[in-house]
Amino acid sequence: MAATSIDLQRRRWLALPLLLAVPAAWARPDGNAVLVDVWKSPSCGCCKDWVTHLESNGFKVRTYDDGNTAVRQRLGMPARLGSCHTASVGAYAIEGHVPAREIQRLLKDRPAAIGLAVPAMPIGSTGMDGPAYGQRKDPFDVLLVAKDGSTTTYQRY
């Protein structure tokens with residue numbers, strides 16, 4: 001049974017969304033990778049290690065080597081929670097050596113918050129866990145930073 005011209009037209013219209021979706025999938029770097037923008041010093045080794053940690057956990061990372069003080073303020077992250085790098089992912093700010101697992105959880109849970117912070121540079125945190133630090137692992141907290149700047153413990157390490 002031969003297809004009529006109406007049948008062919010109908011098939012074309014049904015196939016159109018699939019054809020339009022294919023280029024969009026190809027255009028996304030790393031498939032479904034979430035983009036994280038990171039501001040840091042160009043000479044900071046622990047920042048580079050943290051970026052590598054994010055990439056090895058499936059994130060696409062774009063870095064800016066011009067410091068993080070101004071962007072921390074722009075993103076609303078309180079200065080008292082500062083660290084050596086600041087990131088932006090989705091609608092959230094990430095300050096310091098936050099493990100990828102907690103960023104993934106943040107993106108899944110989507111709390112009403114500024115973002116997450118690991119203040120200072122605790123030894124043993126992601127990026128601060130290289131050979132130069134031996135086997136030392138200091139305890140640290142990942143803080144959920146509320147819109148008013150207050151914090152609660154999101155995860156303990």
Side-chain angles (χ1 to χ4, degrees), residues 17-18 20-157:
L18 293 173
L20 293 175
V22 169
W26 286 339
R28 287 215 290 206
D30 299 335
N32 293 324
V34 174
L35 177 63
V36 180
D37 287 310
V38 178
W39 290 265
K40 64 182 192 60
S41 162
S43 60
C44 186
C46 67
C47 294
K48 291 175 189 169
D49 291 347
W50 185 71
V51 165
T52 299
H53 164 75
L54 292 182
E55 291 170 335
S56 68
N57 280 277
F59 288 98
K60 167 79 174 145
V61 181
R62 185 169 46 195
T63 59
Y64 304 91
D65 290 336
D66 51 2
N68 66 324
T69 304
V71 78
R72 181 187 309 125
Q73 183 178 7
R74 182 174 56 82
L75 294 174
M77 183 62 68
R80 73 181 189 286
L81 302 175
S83 187
C84 56
H85 56 264
T86 304
S88 174
V89 58
Y92 296 105
I94 306 295
E95 184 67 29
H97 294 269
V98 176
R101 160 174 98 167
E102 304 315 326
I103 298 171
Q104 291 162 341
R105 182 176 148 211
L106 177 78
L107 295 173
K108 180 179 169 247
D109 294 349
R110 299 230 172 259
I114 292 171
L116 298 175
V118 172
M121 297 166 63
I123 295 176
S125 61
T126 52
M128 294 290 295
D129 54 355
Y133 306 103
Q135 297 300 314
R136 183 174 161 192
K137 291 200 177 276
D138 294 347
F140 68 94
D141 292 335
V142 176
L143 304 175
L144 179 67
V145 183
K147 298 278 186 182
D148 66 1
S150 64
T151 62
T152 55
T153 301
Y154 196 67
Q155 183 64 49
R156 285 213 146 107
Y157 285 87

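All of these numbers come straight from a predicted model, not from anything done at the bench. Start at 1 with the first residue, then count along the sequence.
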| said: Give me the atom names and distance for the closest heavy-atom approach of Phe59 to Ala100. | reply: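 Of all heavy-atom pairs spanning Phe59 and Ala100, the closest is CE1-CB, 3.9 Å.
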
| For Pro99 against Val142, the heavy-atom pair lying closest together |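 The answer is CD-CG2, 3.8 Å.
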
Side-chain heavy atoms of [X] within contact of [Y], under 4.5 Å:
X      : Y      : result
Leu35  : Val89  : no
Leu81  : Val145 : yes
Ile103 : Val34  : no

| query | Do the side chain of Tyr92 and the main chain of Pro111 share a donor and acceptor less than 3.5 angstrom apart? | reply |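 Yes, because the side chain of Tyr92 sits within donor-acceptor range (under 3.5 Å) of the backbone of Pro111.
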
| Trp50 side chain vs Val98 backbone, donor-acceptor pair below 3.5 Å |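 Yes; at least one donor-acceptor contact below 3.5 Å.
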
| query | In chain order, what residues pass the salt bridge (Lys or Arg N to Asp or Glu O under 4.0 Å) check against Asp138, with sequence neighbours excluded? | reply |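 Asp138 satisfies salt bridge (Lys or Arg N to Asp or Glu O under 4.0 Å) with Arg136 only.
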
| salt bridge (Lys or Arg N to Asp or Glu O under 4.0 Å) involving Arg110 - partner list, sequence neighbours excluded |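 Testing Arg110 for salt bridge (Lys or Arg N to Asp or Glu O under 4.0 Å), a comparison that skips the adjacent residues, returns none.
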
Which side-chain N or O atoms in residues 37-47 pair as donor and acceptor under 3.5 Å with protein atoms at least two apart or in another chain?
unit_1 : atom_1 : unit_2 : atom_2 : d
Asp37  : OD1    : Arg62  : NE     : 2.6
Asp37  : OD1    : Arg62  : NH2    : 3.0
Asp37  : OD1    : Tyr64  : OH     : 3.3
Asp37  : OD2    : Arg62  : NH2    : 3.2
Lys40  : NZ     : Asp65  : OD1    : 2.7
Ser41  : OG     : Ser43  : N      : 3.3
Ser41  : OG     : Ser43  : OG     : 3.2

Residues in side chain to side chain contact (heavy atoms under 4.5 Å, CB included) with [X], at least two apart?
X      : result
Ala93  : Leu75, Met77, Ile114
Thr153 : Asp141, Leu143, Arg156
Ser83  : Glu95, His97, Met121

| task | For Ser150, enumerate each residue passing the side-chain hydrogen bond (donor to acceptor under 3.5 Å, both in side chains) test, keeping only those at least two apart in sequence or located in another chain. | result |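 side-chain hydrogen bond (donor to acceptor under 3.5 Å, both in side chains) list for Ser150, sorted by chain: Asp148.
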
| request: Report the residues that fulfil side-chain hydrogen bond (donor to acceptor under 3.5 Å, both in side chains) with Tyr157, sequence neighbours left out, ordered by chain and then residue number. | output: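 Counting only residues at least two positions away or on another chain, Tyr157 forms a side-chain hydrogen bond (donor to acceptor under 3.5 Å, both in side chains) with Arg101, Glu102.
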
| task | Sorted by first residue and then second, give each ring pair (Phe, Tyr, Trp, His ring centres under 6.0 Å) pair with at least one member in residues 99-137; sequence neighbours left out. | result |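 Of all non-adjacent pairs touching residues 99-137, none passes ring pair (Phe, Tyr, Trp, His ring centres under 6.0 Å).
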
| request: If a pair satisfies salt bridge (Lys or Arg N to Asp or Glu O under 4.0 Å) and one of its residues is in residues 74-86, list it, with sequence neighbours excluded. | output: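 Pairs touching residues 74-86 that pass the test: none.
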
